[in-house]
Amino acid sequence: MLDLKQIRKNPDAIQERLSLRGGGYSIDEIVNLEQQQRELETQRTKLQARSNEIGKLIGQKMKSGSDPKSEEIVALKEEGNQVKAQLGELEPREKEFKARIEALLLALPNLPSESTPVGKNETENVEVRRWGDEYLPENPDILPHWEIGEKLGILLFDRAVKVAQSRFVGLMGAGAALERALIAFMLDRQIQAGYIEVMPPVLVNSASLQGTGQLPKFAEESFKCDSDDLWLAPTAEVPVTNLYRDDILSDKELPIRHCAYTPCFRREAGSYGKDTRGLIRLHQFNKVELVKIVRPETSEAEHQSLVGDAEAILQALKLPYRVLELCTGDLGFGANKCYDLEVWLPSSDSYREISSCSNFGDFQARRANIRFKETGKKGTQFAHTLNGSGLAIGRTMAAILENYQQSDGTVKIPEVLQSYLGREIL
RNA sequence: GGAGAGGUGGCCGAGUGGUUGAAGGCGCAGCACUGGAAAUGCUGUUUAGGGGUAACUUUAACGAGGGUUCGAAUCCCUCCCUCUCCGCCA
């Protein structure tokens, strides 16, 4: 959520930054409504002040033994009634304005940071670096992961359709074990890097989704439990960040760094023709997520190190990847800056997203009301939140099944996973 | 699902319809004491919005939303949540 005060103070500067995203976002209506709301507020507080005064006066008189039926008190009560009648008219109008402003604010995305490259769409993202060319596979006959996976009997696409529907997968035998090994490996690495592991609920309420920015705008992207106010979390970002919703943290508790393994659920509405085969785009997938809650002045450095922590996994697995910095036109709703890690996927002859590392600034903290207090200082400040995948498990599995495929149709297990899996070859 | 209890400030915990943003404690900050610390004492310490350069001022908030009243943490209604016991259950 953007800061209403900032919008009031620098409407033009805010509009300009917002427009860099494209999409036609405008703050005009908010500015206009807020002005009207404040006029009403001024009137209302004046009336309320008088009303409080009357209440106190009557209280004093009664205590000092005045007759409740005395002319003086009756007159005060009468005035109180009049004030109340006026308030009864003003209050609902002001509330209506406030509600409309709130709704508009919740639908506005974050401002891109100054350092985010300006661009219209994903074609203008900037490649920052590339890693692992020496590990690009030499085998010219690589089967796509879904084919090798079915051949090896470890990926169950058809059967998963029977159990659920399309865009689900089942894992069997070494496939299930590999998934589990990847989860354990990634968690172990991030714990070593200083993250505290969390296992949060994966059903989350609406307030949580609003806190991290998925609601109200992206309701159709998540699965909803019809008879409860609960949704299947699309990413661990939601439950983990919301662990701290409405908290006032002490500055000594920051930075908070969490890693979390959870299944993730996405409806993938509107992606009908895309990635219909394989592990790339599923309704349910596993992910290890990194989440940070930090002091504002450290968030840029924490962002860089977050990206590094995600990259370390790819490097340990010796999977070739590149780092993209998203341009203003491709930035996610809540992010002010974002790096995508893309892993080399031979079947699509391209790099595919396997992690997205975003800095949200205070955008989520405002929505989720996550603040911290500086020892000895008055007031509170909004924290900064960040998160990134470290990494998406299914896509990592796909990358391994392809990049590690040998000409005899077997798949090597990356060295760092061999001890987890107790084997060297699939 | 049935029965009961309860939701108050960063935390614990009092609270009579009337000048209560709310006793007391903890925590935190400052000062005193000390060679330094602990202990002790004193003082201060909620958050958010509006107005003001500022000092300051004003409003709101005791789970949420309504209601009664000149006035509600306190009375009434609706909803939400938590806890305990019973039932069911991985």
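Within every chain, numbering begins at 1; the chains are lettered A, B, ... in the order of the sequence lines, protein sequences first and strands thereafter.
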What nitrogen or oxygen pairs link the protein and nucleotides 62-66 of chain B at under 3.5 Å?
residue	atom	partner	partner atom	Å
G66(B)	OP1	K95(A)	NZ	2.6

Polar atom pairs (N or O), protein with nucleotides 51-55 of chain B, under 3.5 Å:
residue	atom	partner	partner atom	Å
G51(B)	OP1	R38(A)	NH1	2.4

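With no hydrogens or angles considered, a side-chain donor-acceptor pair links Q364(A) and T385(A) at under 3.5 Å. Under 3.5 Å, the side chains of T212(A) and Q214(A) contain a donor-acceptor pair of N or O atoms. Under 3.5 Å, the side chains of Q36(A) and N32(A) contain a donor-acceptor pair of N or O atoms. For the residue pair Q6(A)/N10(A), the side-chain donor-acceptor check at 3.5 Å is satisfied. There is no side-chain donor-acceptor pair under 3.5 Å between E197(A) and Y261(A). Q82(A) and Q86(A) are not linked by any side-chain donor-acceptor pair at a separation below 3.5 angstrom, with hydrogens and angles left out of the test.
Residue contacts shown for I58(A) include a base, since a base heavy atom lies under 4.0 Å away. Looking at heavy-atom distances under 4.0 Å, S250(A) makes no contact with the nucleic acid at all. Within the nucleic acid shown, K46(A) has no heavy atom closer than 4.0 Å to any nucleic acid atom. Among the protein residues, D229(A) comes within range of no part of the nucleic acid, since none of its heavy atoms lies under 4.0 Å from any strand.
Rounded to the nearest Å, the gap between the C1' atom of C75(B) and that of U69(B) is 10 Å. Atom name C1', nucleotides C80(B) and C28(B): the rounded distance is 33 Å, in whole Å. Taking the P atom of each, G87(B) and A3(B) are spaced 15 Å apart, rounded to whole Å. For the P atom pair drawn from G10(B) and U45(B), the interatomic distance equals 15 Å after rounding to whole Å. Between A23(B) and U16(B), the distance separating the two P atoms is 15 Å to the nearest Å. The gap from the P atom of U20(B) to that of C26(B) amounts to 24 Å, rounded to the nearest Å. The separation of G25(B) from C42(B), taken at their P atoms, amounts to 10 Å, rounded to a whole angstrom. Comparing G66(B) with U57(B), their P atoms are spaced 30 Å from each other, to the whole Å.
Judged as a ring-ring contact (aromatic ring centres under 6.0 Å, His included), and not counting sequence neighbours, Y404(A) has no contacts. Residues satisfying the side chain to side chain donor-acceptor pair (under 3.5 Å) test with Y244(A), not counting sequence neighbours, are H258(A).
With respect to the salt-bridge test (charged N to carboxylate O, under 4.0 angstrom), the residues R295(A) and E302(A) do not qualify. No salt bridge links K151(A) with E147(A); every basic N to acidic carboxylate O contact stays at or beyond 4.0 Å.
Regarding L76(A), its CG atom lies at a distance of 14 Å from the C1' atom of G18(B), rounded to whole Å. In this structure, L47(A) atom CG and C70(B) atom C1' are separated by 14 Å, rounded to whole Å. Straight-line distance from the CG atom of D246(A) to the P atom of A61(B): 18 Å, rounded to whole Å. Look at CZ on R50(A): it is 13 Å from C1' on G71(B), rounded to the nearest Å. Taking atom CG of D251(A) as the reference point, atom C1' of C28(B) lies 11 Å away to the nearest angstrom. Counting to the nearest Å, the P atom of U46(B) and the CD1 atom of I248(A) are 12 Å from each other. Note: CG (L87(A)) to P (A60(B)) measures 9 Å, nearest angstrom. Summarising the geometry, the separation between CD1 on I54(A) and C1' on U59(B) is reported as 16 Å, rounded to the nearest angstrom.
At least one side-chain nitrogen or oxygen of N52(A) sits closer than 4.0 Å to the OP1 or OP2 atom of U59(B). For U46(B), the OP1/OP2 oxygens have no side-chain nitrogen or oxygen of T380(A) closer than 4.0 Å. In this model, the phosphate group of A48(B) is approached by a side-chain N or O of R371(A) to a distance below 4.0 Å at OP1 or OP2.
Proximity note for K84(A) (side chain, C-beta onward) versus G49(B), C70(B), U58(B): the nearest is C70(B). Across C70(B), U46(B), G50(B), the shortest atom-to-atom separation from the side chain of K373(A) is found for U46(B).
For A60(B), the paired base is U47(B) (Watson-Crick or G-U wobble, both distances below 3.5 Å). Taking a pair to require two hydrogen-bonding distances under 3.5 Å in either a Watson-Crick or a G-U wobble arrangement, C31(B) pairs with G41(B). The pairing partner recorded for G4(B) is C83(B), the criterion being a Watson-Crick or G-U wobble arrangement whose two distances lie under 3.5 angstrom. In this structure C70(B) sits in a base pair with G18(B), meeting the Watson-Crick or G-U test at under 3.5 Å. Nucleotide A54(B) forms a pair with no other nucleotide shown, judged by Watson-Crick or G-U wobble geometry with both contacts under 3.5 Å. Here G9(B) sits opposite no nucleotide as a Watson-Crick or G-U wobble pair (both hydrogen-bonding atom distances under 3.5 Å).
The base of U19(B) is paired with the side chain of Q60(A) by a donor and an acceptor separated by under 3.5 Å.
The salt bridge (Lys or Arg N to Asp or Glu O under 4.0 Å) contacts involving residues 34-43 of chain A comprise R8(A)-E34(A), E34(A)-R38(A), where partners must be two or more places apart or lie in separate chains. Sorted by first then second residue, the side chain to side chain donor-acceptor pair (under 3.5 Å) pairs that include residues 391-403 of chain A, not counting sequence neighbours, are H145(A)-E402(A), S347(A)-E402(A).
Nearest-nucleotide positions on RNA chain B for K56(A) and K252(A) put K56(A) closer to the 5' end. For the pair Q381(A) and R44(A), nearest-nucleotide mapping onto RNA chain B gives the more 5' position to Q381(A).
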